Amino acid sequence: MNRKVLFTPNEIEQFFENFNNEVFSFDTETTSLVYSEIKLEGISFCDGDNNAYIVLQGRDSKGNILFKNEFKKSIIDYLRGIFKKAKILIGHNIVYDLKVMHKYGIPFEHCELYCTMIADHLLDETRPHGLKDLAKQFLGVEITEYSNATFTSKFFEYAMNDALWTWQLCTLQKPLLQEQGLLKLFRDIEMPFQKVLVDMAVNGITVDKERVEKTTKEVKQKVEDLTVQMLEHIKEPYSMQVTLTGDSNVISKINFNSPAQLSDLLFTRLGLDVVERTPSGQPSVGRKTIAIYKKHPFVELLNKYKIASKLLHAFFEPMLDFVEADGKVRPSFKDTGTVTGRLSCSKPNLQQLPKVNKDMPIDTRQCFVADRGYKMVTCDFSGQELRVLTQITQEPVLIDTFNSGKDMHLATANDFFDLGIPEECLYTYNDKFDMYKDKFKNERDKAKIVNFGMAYGKGAYGFSQDFGISEEEAQKILDKYFAALPAVKKAIEECHNQVRKTGYVTSLTGRRRRFNAKEFNGNKFYPNSAFRQSFNFLIQGFSADMIRIAMTKVREMAKNYPQWGLKTIFTVHDEAGYLIKENYVNEASEKIKETFENAVNFCIPVIADIGIGDDYSESK
DNA sequence: TGGTTCAGCGCC
DNA sequence: AAAGGGCGCTGAACCA
């Protein structure tokens, strides 16, 4: 292997004379992980024969800049030309590198991508996917923890290794992907989707900081008021403290955030009966307890306190820390964050924005706004998981319900509880549909719980808890469900057999979920949780790939309509968020909806709903 | 001081 | 004995 550290334009040009410009691995070294602050420090390359690190800026182990390459600007110009000729780019966590390149205007749109981190996640959805982890496992590289003293002198070598290892991993992974039937998923779904991830990482979402600040104060006041009211209710002494910054605090011996203190308060001091226990056997003060005692004046306050305190600490207070200098948050969407193939999201986690609660009408979604001249458009799959369940199982009853445009939950309720709703009134467009939906809201909600519970592998015990009925009665519900939908039962059994036989299941896109067998007396067996997970994976995992396909297609489609100014800004499982220039919002929305609905070919219609507004609350 | 685990709870 | 899938984030409690 020809290995070199390159500083000058001459050295660099010489290196690329003998370099395979069409297919290579590369890795960027940067100064910061915050998008607005990212600066290129250097780039390493490898084509299998040649391996180099181009130094644009040097730093010591403490991050101090040692020197700047005086040719940085012209080198980056030169590299634009190199990448322009590239056909396949190989990287580890390539979304990160592409993000950096986007910032420097280095082209990659024309390239096919190969990400060794994503490939590894497809090969094993549970292990760590760090480059060093993989180099150790697959390349037998000894990873020595470097000390600060040797860091600087070894830095260039480490940097070169990143591109080298990435290249070598790629070579090793390809046959493994092939063997396990993962190539199609990798090439046709995951890799094109990486560009969508880059879009989201670059675009970010604008936050209305004033609103966040204003609402933070409001919620803070609520938390304080409720704390005082609770203390007065239990006649606990307290005092008010005003800090130098003008904030006020309630000082007391009781901490309402402590589960231990709370359980002492409720079950000893107030004499309530314990309704649930934690896995470790402690009396629990959770949702269920609160629901049962919701009429109790103290618990009523506690309920509101919990909601307000959650909003304050898990959403409003941390939010401003995530806002970058340009007024945007850039949540980190991780493509390898879950075992099912869903994305995970953090900093901030848009997947868990509290919905408006009737006991606490605070709307977190109003904090995320469309940029000037743009509208926010969201597009979500309607009833995605049940439609996927239908496609997977090919259950005729479900197929008929969806094909005829009936409301699934009301149809289920009608069958289950013998509601006697005339069949034609189950169609969502029927005049009497809304009336029946309203009249049998309870039954429909129960049916909804059953429909989703089935997909998650819920048992008789779970349903008995949901509905406050005996396990025997709950078992009857289960039996009835499976009797009415035999193909669902069959599909679940086949899935479980697959686990028993091979230890893994494969979704419709070829994604795998593997399970570890336990051994007892020489017998291999899987815990019940593995069976629940396996069938749920078929639904959840496919749904995740379905939105990957849809978002990738929207991205491709939008290239034909540059006037829209379409920007992909986020996704939440079955939903995607876009910015569209105001004048084109209707035209674009229609095309997005169409693209989502035609993303996959099902035996039933796929329906997507559009929302349009100036902020995420309006567009939802 | 920092790390981990647990309980709890937000979302799809 | 456990008892519905998948996450991330918080504070409390505990440990070194």
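In this text the structure is predicted, and so the values were computed from the model without any measurement.
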Salt bridge check: are A/K593 and A/E597 linked by an N-O gap of less than 4.0 Å?
->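 Yes, charged N to carboxylate O under 4.0 Å.
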
SB check A/E125 A/R514 (cutoff 4.0 Å): yes

[X] [atom1] to [N] [atom2], straight-line distance once rounded to whole Å:
X	N	atom1	atom2	result
A/N257	B/dG8	CG	C1'	11 Å
A/I362	B/dG10	CD1	C1'	15 Å
A/F452	B/dC11	CZ	C1'	13 Å
A/Q352	B/dG10	CD	C1'	5 Å
A/M360	B/dG10	CE	C1'	14 Å
A/I290	B/dA7	CD1	P	17 Å

task = Please list all pairs passing the salt bridge (charged side-chain N to carboxylate O under 4.0 Å, His left out) test where one or both residues lie in residues 611-620 of chain A, with sequence neighbours left out.
result =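 Found A/K375-A/D614, A/E575-A/K620.
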
Checklist entry - Applying salt bridge (charged side-chain N to carboxylate O under 4.0 Å, His left out), which residue pairs with at least one partner in residues 261-277 of chain A are found, sequence neighbours left out? => result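 Listed once each, the pairs are A/E236-A/R269.
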
Could you tell me how far C/dA3 sits from B/dA7 if I compare only their P atoms? Round to whole Å. 13 Å

Using the P atom as the point on both nucleotides, what is the distance between B/dG8 and C/dA2, in whole Å? 16 Å

Check: [Y] main-chain N/O paired with [X] side-chain donor or acceptor under 3.5 Å:
X	Y	result
A/N203	A/T568	yes
A/R387	A/S382	yes
A/H121	A/T338	yes
A/E190	A/I118	no
A/E395	A/A487	yes
A/R513	A/G541	no

Exercise. Going 5' to 3' along DNA chain C, which nucleotides are the first and last within contact of chain A (any atom under 4.0 Å from a heavy atom)?
Worked result: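 On DNA chain C, the outermost contacted nucleotides are C/dA3 to C/dA13.
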
For A/F596, the ring-ring contact (aromatic ring centres under 6.0 Å, His included) test, sequence neighbours excluded, returns A/F381

Residues at least two apart in sequence or cross-chain that pass ring-ring contact (aromatic ring centres under 6.0 Å, His included) with A/Y293, listed by chain then number, are none

With a cut-off of 3.5 Å and sequence neighbours excluded, list every side-chain donor-acceptor pair involving residues 517-530 of chain A.
none

Once the angle between the rings of A/F463 and A/F467 is folded into 0 to 90°, is it parallel (under 30°), tilted (30 to 60°) or perpendicular (over 60°)? parallel

List in numerical order all residues of residues 533-554 of chain A for which some heavy atom is under 4.0 Å away from an atom belonging to DNA chain C.
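DNA chain C contact set from residues 533-554 of chain A: A/Q533, A/N536, A/Q540.
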
Numerically ordered, the residues 460-467 of chain A set in heavy-atom contact under 4.0 Å with DNA chain C is A/Y461, A/G462

Check your understanding: Are OP1 or OP2 of B/dA7 and a side-chain N or O of A/R277 less than 4.0 angstrom apart?
Key -> no

### Query
Near DNA chain B, which residues from residues 611-620 of chain A have a heavy atom under 4.0 Å away?
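Listed by number, they are A/K620.
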
Let's see if you get this right: which residues in residues 295-319 of chain A place a heavy atom under 4.0 Å from DNA chain B?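 DNA chain B contact set from residues 295-319 of chain A: A/K306, A/K310.
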
Taking any heavy-atom pair under 4.0 Å as a contact, classify A/R513: base, sugar-phosphate, or nothing.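 Here A/R513 touches the backbone only, sparing every base.
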
*Which part of the nucleic acid does A/R532 contact within heavy-atom distance under 4.0 Å: base, sugar-phosphate only, or nothing?*
sugar-phosphate

Can you list everything that forms a side-chain contact (heavy atoms from CB on, under 4.5 Å) with A/I292? Sequence neighbours excluded, please.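 A/I292 satisfies side-chain contact (heavy atoms from CB on, under 4.5 Å) with A/V275 once adjacent residues are dropped.
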
Exercise for the section: Would you mind listing every side-chain hydrogen bond (donor to acceptor under 3.5 Å, both in side chains) that reaches into residues 359-368 of chain A, with sequence neighbours excluded? Expected result: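 Non-adjacent pairs meeting side-chain hydrogen bond (donor to acceptor under 3.5 Å, both in side chains): A/R211-A/Q366, A/N303-A/D359, A/D363-A/S617.
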
